[in-house]
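The structure appears below as structure tokens.
Residue numbering restarts at 1 for every chain, and letters A, B, ... go by the order of the sequence lines.
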2 protein chains.
Amino acid sequence: MHSFYIPELVDSDTTQKLSDEESLHACKVLRLQSGVKIRVFNGKGLSAIAEIDFIHPKNTSIIISEKPYFEELKYELHIAIAPTKMNERMEWFVEKATEIGATTITFINCHNSERKQINIERFRRIALAAVKQSQRLNLPLINDLTSFQSFCELHKDGFIAHCYNQEKIAFSQIETITNATILIGPEGDFSKEEVDLALKYGYKGLSLGSNRLRTETAGIVAVTQFMQHILN
Amino acid sequence: MHSFYIPELVDSDTTQKLSDEESLHACKVLRLQSGVKIRVFNGKGLSAIAEIDFIHPKNTSIIISEKPYFEELKYELHIAIAPTKMNERMEWFVEKATEIGATTITFINCHNSERKQINIERFRRIALAAVKQSQRLNLPLINDLTSFQSFCELHKDGFIAHCYNQEKIAFSQIETITNATILIGPEGDFSKEEVDLALKYGYKGLSLGSNRLRTETAGIVAVTQFMQHILN
């Protein structure tokens, strides 16, 4: 069953419309017909089974055929990551982090960052496609580039994954937590000053294991380890 | 420091030669000079610091400058995975699985497999690059396509990650094990017959969490979860 994103969907809806973009996709790419069953979701936990009433490339209307289902998100995982030089490595990070369970992704500008500009809309489209593919009910929030310092000021008491030889903890060593912010550094790591700054804001050094990981791999490993941690 | 792969390297070596390929890379791409310090490794746990004695695109000789270091591998993680339709998804699986810690990767032909041919040499080159990048001392073994049934006959008592609604366990629920074989199915999952066959050969159903994951994502999640498991 195909999935369509309707951010305005609420629990009491009995009919709805697909956006221009989703209408075009349903009509011209998937070539769906009236009467076809689809799945719609609002990206904030609510989903419903619906039937296409009228199909049109710009204006598709649907009838909600079963009472919508709401699933409350039981955790929050915010990954703040420095974009890599090769953009496609970030693209797959966004896809995989979404599939596995990140709830917010923020791009951060660090001292050693090699890329200072990103195409945030493209990352949002990738996250939406990954949410549909994995049938997650929550669409991660994707935030534009912000400076390392502003991010730490705004989001205190998280974890910072770095390669310096100083005190770090692993998720396996701590009591189960259901909210975490994790900082993932650029190629060439965070600067020592950035690590110190994060510690001042209540961050703890995070160990992701003994292997040296690329930025995007560290991001995926952090998401996976956190998801395994909350299952324990 | 740049890393070079010398499969013939042994503990007692005081000098060595780089292969044609590595010599060309050192000479023409990296433009290294005599006297430069490099790191050499045999992919089976042994590494050493060396100095370039004579540089030549086909025949570079080195002097081992410090006693080689041997690190015994304390676990075995064999991932058997059905290649995805899009080859680049398998390429990044091989890169990431190598960085994170897989020790053997075997490609398997399944009932729902969409790809029946792979370029094994390309995957081996990707694994070698990832080992160098992550400074792992062990190069994963990359095995060519084999049938699902032959694989299960040869490697009994592993784990099979599938989406059927039947008994499964998670790594967090079992006592620490240091050797595991994990089967990851194709797009469209294993067939019910394949799951039953695996169970007959002593496999256990493996849960990787509640989200529906793409083949290559499931592979990465399995490697990460196993690596976290053996740290506990």
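- One distance of note links NE2 of A/His155 with NE2 of A/His78; it measures 5.0 Å at 0.5 Å rounding.
- Listed for the B/Tyr164 side chain is a donor-acceptor partner under 3.5 Å among the backbone atoms of B/Lys192.
- Aromatic ring centres of A/Phe171 and A/Phe159 lie closer together than 6.0 Å.
- Contacts between A/Arg89 and chain B at a heavy-atom distance below 4.5 Å involve the side chain alone, from C-beta outward.
- For A/Ile220, the part sitting under 4.5 Å from any heavy atom of chain B is the side chain, from C-beta outward, and nothing else.
- Note on B/Ser210, B/Ser134, B/Ala130: by heavy-atom pairs under 4.5 Å with chain A, the leading option is B/Ser134.
- Looking at A/His229 and A/Ser172, their side chains never bring a donor and an acceptor atom within 3.5 Å of each other.
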